[in-house]
Every structure is written in structure tokens, then in C-alpha cells.
Chemist: 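Shown below is the structure under consideration.
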Amino acid sequence: MSVLQTVDFDEIISIIKSASGLFHNEEAAENVTIKGRADFVTEVDLAVQKTICKRLAAKYPDIQFMGEEKDNSDIDFDKAVWILDPVDGTTNLIHHYQENCISLALYECHRVVAGFIYNPWHDELFFAKKNGGAFLNGEPIHVRECSDLADCLISVGTAPYSHERADFVFHQIKNVFLRVADIRRIGSAALELAYIACGRLDAYFEPNLKPWDFAAGMLIVAEAGGKVTDFEGNPITPEHPQDILASNDRIHREMIEVLNQ
Ligand code: 2AM
Ligand code: CA
């Protein structure tokens with residue numbers, strides 16, 4: 001039997017929401033360790049991961065656990081696995097900029113089969129189940145039906161942790177900026193994907209994201225009628241890092257052309 005059928009979605013949502021109370025611990029958010037350039041972890045990240053991992057392991061002992069703040073080299077993608085980012089948008093958390101979230105995906109048979117993204121500051125819970133549609137706080141959501149690039153709002157990633165890519169990244173950003181209504185920089189890949197799903201943004205792109213940054217969001221966008229690929233239009237997988245282009249689908253081909261100019 002598929003593990004998906006054994007999962008109690010309401011209980012997962014309540015586990016995520018109760019762990020998100022840890023986001024409000026300002027002292028823990030200010031206790032920062034630097035993992036690499038512009039790559040931070042706080043006590044909040046560690047505490048949220050520990051709490052969620054413990055509760056998922058107790059309830060679903062047969063499902064593996066992959067999380068940003070642990071070694072994941074033993075994960076076997078032929079078997080079911082939770083993929084967690086305990087805080088996506090850690091830099092925002094450190095700066096009290098309230099655009100960050102918990103992102104959790106369930107990956108089974110080499111597909112994301114469920115995705116949850118929760119922003120505790122806005123009390124917004126994005127959820128999708130494979131072939132079951134996408135929802136924001138229980139209400140169905142859909143991508144924006146805009147096919148005219150000049151009328152589109154596009155969120156860009158800057159890959160702040162790899163400055164050696166800055167020329168390439170800002171060349172892409174300038175080319176996109178010159179074709180669209182305007183650009184935004186939010187700083188949480190998971191939220192940027194969720195915002196495409198509910199029609200606030202028309203597209204988002206960022207190079208070299210980690211599996212936990214996009215696993216839940218890639219399903220939520222797809223279930224809301226959008227598309228997620230790499231910069232060449234190839235399908236993506238959360239089994240390894242990927243360049244990510246997500247869109248409302250209608251502008252996807254044109255976005256690929258602009259990104260490769
Ligand atoms: P994080 O906040 O969980 O670290 C910002 O550009 C986006 O990139 C965020 O979603 C951020 O996730 C992610 N990010 C931060 N450091 C990264 C790294 N070293 N590799 C890939 N993605 C990273
Ligand atoms: Ca994180």
C-alpha cells in the first residue's frame with residue numbers, strides 16, 4: 001500500500017502549526033551559526049526540525065526523514081521520504097522580515113505526492129496532494145491566467161550563497177526585468193512557489209536550490225495549474241539540487257527564452 005494513503009493530512013498540518021510557534025522565539029532567532037556565505041542556521045531552524053522529525057518518526061516509523069539541518073547521505077529515494085525545510089527564508093527570520101515558512105513534502109515512488117508550506121506570520125497554509133488540487137487555508141487556489149509577459153510580476157532569486165554566479169544571475173534578472181511589469185525579491189523559495197500557485201506572482205527563478213527549498217512548492221504549483229522545470233525546460237527532481245523556473249505555465253516557454261538570452 002502507498003504510504004500516502006496512511007497519512008493523516010490534518011494531523012500533519014497541526015504538527016507543522018504547533019512547531020511554528022518556535023518562530024516567535026526572538027532570542028533563538030538571533031542565535032545564528034554561519035554554514036557558508038549567506039547561508040545561516042539559527043536555533044529556531046534546529047528546534048523546528050527536531051520537533052517535526054520526532055513527531056513524524058513516532059507516527060510514521062517507516063517513512064525516512066530528510067531535513068536541511070542533518071546529514072542526508074543515507075536517504076534511499078526508492079523508498080518514501082519526508083523532505084523538510086524547518087525554516088525557509090532564514091535570513092528573513094534573522095532580520096524580522098516576516099516572509100519565511102516551514103516547507104514539508106512527502107516523496108514516494110520518485111514523485112512528490114503531498115506538499116505543505118506554512119507562513120506563521122500570515123497564518124497561511126498552502127497544501128497540495130498529487131492529483132488532488134492545491135489549497136490556501138482550505139480554499140482552492142489557481143495560478144494567474146496571464147500570458148502577456150509585459151503584464152507579469154516575477155520574483156527573482158539572487159543565489160546569495162554563490163557570489164561567483166553574480167554576473168550570470170544579474171544578467172538573467174536584467175533581461176527578465178526589461179520584459180515584465182516588475183520584479184520582486186522575497187528570499188524564501190518555498191513562499192515564492194506558493195505565491196505563484198495562488199496567483200500573486202506569475203513566475204520565479206533561482207539557480208541551484210536545494211531539494212527542501214522546492215520539494216513541497218513544486219507540487220503545489222503544478223496542482224494549481226502552473227509549471228516547474230529547470231532553466232532549459234527539463235523536468236526537475238528533489239533528489240538533488242536544481243536550477244528552478246516556476247510559472248503560471250502560460251509564460252513558461254517565453255521565460256525559458258529570456259533566461260537563455
Ligand atoms: P533557506 O532560507 O532555507 O536557507 C534564498 O535565495 C533562497 O535560497 C531561500 O529559499 C534559501 O533557503 C535558499 N538557500 C540558502 N542557502 C542556500 C544554499 N547554500 N544553497 C541553495 N539554496 C540556499
Ligand atoms: Ca532552511
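The basis for the numbers below is simple: all heavy atoms, side chains too, and nothing from hydrogens, waters or symmetry mates. These numbers come from a predicted model, not from an experiment.
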Chemist: Report yes if the side chains of I236 and D243 come closer than 4.5 Å at any heavy-atom pair, otherwise no.
Modeler: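 The answer is no, as the side chains (C-beta and beyond) never meet within the 4.5 Å cut-off.
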
Chemist: Hey, any chance I183 and I251 share a hydrophobic cluster, counting ILVMFWY side chains that come within less than 4.5 Å of each other, even indirectly?
Modeler: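 Yes, it is one cluster - the side chains of I183 and I251 are joined through contacts under 4.5 Å.
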
Chemist: For a 4.5 angstrom cut-off between non-hydrogen side-chain atoms, does Q242 reach P211?
Modeler: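 Result no, sub-4.5 Å side-chain heavy-atom pair not found.
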
Chemist: With distance as the sole criterion, is a donor-acceptor pair present between the side chains of H171 and D167 under 3.5 Å?
Modeler: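 Note: H171 and D167 side chains miss the donor-acceptor criterion.
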
Chemist: Are E69 and K35 within salt-bridge range, i.e. N to O under 4.0 Å?
Modeler: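 Yes, E69 and K35 are salt-bridged.
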
Chemist: Above 12 or not: heavy atoms from other molecules or residues under 6.0 Å from CZ of F177?
Modeler: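 No, CZ of F177 has 12 or fewer neighbouring heavy atoms, counting only those of other groups under 6.0 Å.
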
Chemist: With sequence neighbours left out, what residues match K79 under salt bridge (Lys or Arg N to Asp or Glu O under 4.0 Å)?
Modeler: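 Partners of K79 under the salt bridge (Lys or Arg N to Asp or Glu O under 4.0 Å) test: D76.
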
Chemist: Is it the case that the side chains of R185 and T158 hold a donor-acceptor pair, with the cut-off being a distance below 3.5 Å and no angle test?
Modeler: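 Checked: T158/R185 side chains pair up, N/O donor to acceptor below 3.5 Å.
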
Chemist: Could you check whether any side-chain heavy atom of V228 comes within less than 4.5 Å of a side-chain heavy atom of F214, counting everything from C-beta outward?
Modeler: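 No, their side chains stay 4.5 Å or more apart.
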
Chemist: Should E68 and K210 count as an ion pair when the cut-off is N to O under 4.0 Å?
Modeler: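 No, E68 and K210 are not salt-bridged.
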
Chemist: Taking atom types as modelled and ignoring hydrogens, do the side chains of N72 and K70 form a donor-acceptor contact shorter than 3.5 angstrom?
Modeler: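 Looking only at side-chain atoms, K70 and N72 do form a donor-acceptor pair, the distance falling under 3.5 Å.
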
Chemist: Does the pair R184/D182 count as a salt bridge with the N-to-O cut at 4.0 Å?
Modeler: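 Yes, R184 and D182 are salt-bridged.
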
Chemist: Using the salt bridge (Lys or Arg N to Asp or Glu O under 4.0 Å) criterion, which residues pair with R200? Sequence neighbours excluded.
Modeler: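 R200: salt bridge (Lys or Arg N to Asp or Glu O under 4.0 Å) contacts with E124.
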
Chemist: Does either side chain, that of T42 or that of E30, offer a donor lying less than 3.5 Å from an acceptor on the other one?
Modeler: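 No, E30 and T42 have no side-chain donor paired with an acceptor closer than 3.5 Å.
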
Chemist: Would you say the side chains of D123 and Y118 form a donor-acceptor pair under 3.5 Å?
Modeler: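 Looking only at side-chain atoms, Y118 and D123 do form a donor-acceptor pair, the distance falling under 3.5 Å.
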
Chemist: Enumerate the residue pairs fulfilling ring-ring contact (aromatic ring centres under 6.0 Å, His included) with a member in residues 4-38, sequence neighbours excluded, ordered by first and then second residue.
Modeler: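 Counting only pairs at least two positions apart or across chains, the ring-ring contact (aromatic ring centres under 6.0 Å, His included) contacts touching residues 4-38 are F9-F127, H24-W121.
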
Chemist: Give a yes-or-no answer on whether the side chains of H110 and T237 include a donor-acceptor pair shorter than 3.5 Å.
Modeler: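 Absent: no donor and acceptor within the cut-off.
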
Chemist: Are D213 and S103 linked by a side-chain donor-acceptor pair shorter than 3.5 Å?
Modeler: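 Checked: D213/S103 side chains show no N/O donor-acceptor pair below 3.5 Å.
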
Chemist: Does the side chain of E99 pick up a donor-acceptor pair with the side chain of Y195 at under 3.5 Å?
Modeler: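 Side-chain D/A pair, E99 to Y195: present.
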
Chemist: Checking N92 against N100: is there a side-chain donor and acceptor pair closer than 3.5 Å?
Modeler: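 Checked: N100/N92 side chains show no N/O donor-acceptor pair below 3.5 Å.
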
